[in-house]
Amino acid sequence: MRKRHAISTAAVSAGLLAAVAVAPAEAAEYSSALKLKGIQYDAPGRDDNRCTGGNTKAEYLTIKNYSRTTTVNLKGYVVKDAAGNKYTFTLSHKLEPGDYVSLRGGKGTESDRYNVAYRQNCTFMWNNDKDTVYLYKPSGARADVHAYTKAANDRDGNGYITFHN
């Protein structure tokens with residue numbers, strides 16, 4: 001009986017070690033102070049990607065600094081979609097604790113004062129039916145990721161989904 005007990009204790013210990021080894025990998029994905037707060041994946045009105053008169057600026061992703069004490073510089077952070085379209089923050093843009101930035105389509109001037117950055121192109125980045133949004137740190141490590149589908153995540157049909165409050 002002692003041998004069985006020793007074997008089952010060893011098996012349980014090995015299982016616990018395996019579970020502990022898996023947990024940090026899952027948690028590391030959300031270790032960043034910056035997280036995806038929400039997305040306006042479907043701009044109001046009919047999609048029109050003309051730079052003048054279009055509505056690509058109405059499609060945006062909000063990134064928030066959820067830290068209570070740390071200011072985070074967005075320079076070098078990367079946002080991607082499932083198809084590999086990406087935007088890299090190339091300018092210094094500091095988010096104070098609790099602050100946010102809206103990354104919009106279209107052309108415009110990035111501004112700390114108005115909490116906005118523009119992708120500098122007039123194409124839509126996010127799919128209107130489903131997509132996955134990735135946020136990467138300058139090191140290449142994943143800071144946050146969320147997948148959405150219109151049917152499952154946008155209950156009121158307004159084209160906006162909240163990921164983190």
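Residue pairs satisfying the salt bridge (Lys or Arg N to Asp or Glu O under 4.0 Å) criterion with at least one member in residues 52-64, sequence neighbours excluded, are listed as follows: E59-R119. Applying the salt bridge (Lys or Arg N to Asp or Glu O under 4.0 Å) rule to pairs touching residues 45-56 yields D48-R50, sequence neighbours excluded. For residues 148-163, every residue pair satisfying the side chain to side chain donor-acceptor pair (under 3.5 Å) rule, not counting sequence neighbours, is listed here: Y41-D154, D156-N158. Identified under the disulfide bond (SG atoms under 2.5 Å apart) test for residues 51-165, with sequence neighbours left out: C51-C122. Listed by first and then second residue, the ring-ring contact (aromatic ring centres under 6.0 Å, His included) pairs that reach into residues 80-105 are Y87-F89, sequence neighbours excluded.
Between G106 and Y118, the shortest heavy-atom distance links the atoms O-CB, 3.6 Å. Listed here is the closest heavy atom pair of A143 and Y77: CB-CE2, 4.4 Å. A147 and T132 make their closest contact through CB-OG1, 3.6 Å (heavy atoms, listed as atom of the first residue, atom of the second, distance).
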Requested in this report: List the steps and the verdict of side chain to side chain contact (heavy atoms under 4.5 Å, CB included) for F163 and K35.
Outcome: CA-CA 9 Å; F163 298 127; K35 295 184 181 172; over 6 Å; no
Requested in this report: Verify side chain to side chain contact (heavy atoms under 4.5 Å, CB included) between T56 and T123, making sure each step is shown before the conclusion.
Outcome: CA-CA 7 Å; T56 56; T123 60; over 6 Å; no
Report task. Kindly indicate, with the supporting measurements, whether the criterion side chain to side chain contact (heavy atoms under 4.5 Å, CB included) is fulfilled by T62 and V101. Result -> CA-CA 6 Å; T62 304; V101 67; over 6 Å; no
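When the side chain to side chain donor-acceptor pair (under 3.5 Å) test is applied to N85, the partners found at least two apart in sequence or on another chain are D81. The side chain to side chain donor-acceptor pair (under 3.5 Å) test applied to N55 returns no partner, not counting sequence neighbours. Residues passing the side chain to side chain contact (heavy atoms under 4.5 Å, CB included) test with K94 are T71, N73, S92, sequence neighbours excluded. In terms of the ring-ring contact (aromatic ring centres under 6.0 Å, His included) criterion, residue partners of Y66 (sequence neighbours excluded) are, by chain and number, H164. T69 meets the side chain to side chain contact (heavy atoms under 4.5 Å, CB included) test with S67; sequence neighbours excluded. Contacts of N127 classified as side chain to side chain donor-acceptor pair (under 3.5 Å), with partners at least two apart in sequence or in another chain: none. With sequence neighbours left out, the side chain to side chain donor-acceptor pair (under 3.5 Å) criterion links S111 to no other residue.
No continuous path of ILVMFWY side-chain contacts below 4.5 Å connects L36 to Y60, so the two sit in separate hydrophobic clusters. Taken together through direct or relayed side-chain contacts under 4.5 Å among Ile, Leu, Val, Met, Phe, Trp and Tyr, M125 and L74 form part of one hydrophobic cluster. Linking Ile, Leu, Val, Met, Phe, Trp and Tyr whenever their side-chain heavy atoms come within less than 4.5 Å leaves V116 and I39 in two separate clusters. Hydrophobic cluster membership is shared by V133 and V72, with clusters built from Ile, Leu, Val, Met, Phe, Trp and Tyr side chains linked at under 4.5 angstrom. Residue F124 is not grouped with residue W126 when hydrophobic side chains (ILVMFWY) are merged at heavy-atom distances under 4.5 angstrom, including chains of intermediate members.
Interatomic distance, CZ of R142 versus CG of D144, reported as 9.5 Å (0.5 Å rounding). Interatomic distance, CD1 of I161 versus CD of Q40, reported as 9.5 Å (0.5 Å rounding). Taken to the nearest 0.5 Å, the OG1 atom of T109 stands 10.0 Å off from the CG atom of L91. To the nearest 0.5 angstrom, D112 atom CG is 7.5 Å from L95 atom CG. Rounding to the nearest 0.5 Å gives a distance of 8.5 Å between CD of E110 and CD of Q120. Atom-to-atom distance recorded for D131:CG and H146:NE2 is 13.5 Å, nearest 0.5 angstrom.
Two residues are said to be in side-chain contact when any heavy atoms from C-beta on lie closer than 4.5 Å; V145 and L135 fail this criterion.
Under a 3.5 Å cut-off, the side chain of T88 and the backbone N or O of T90 do not form any donor-acceptor pair.
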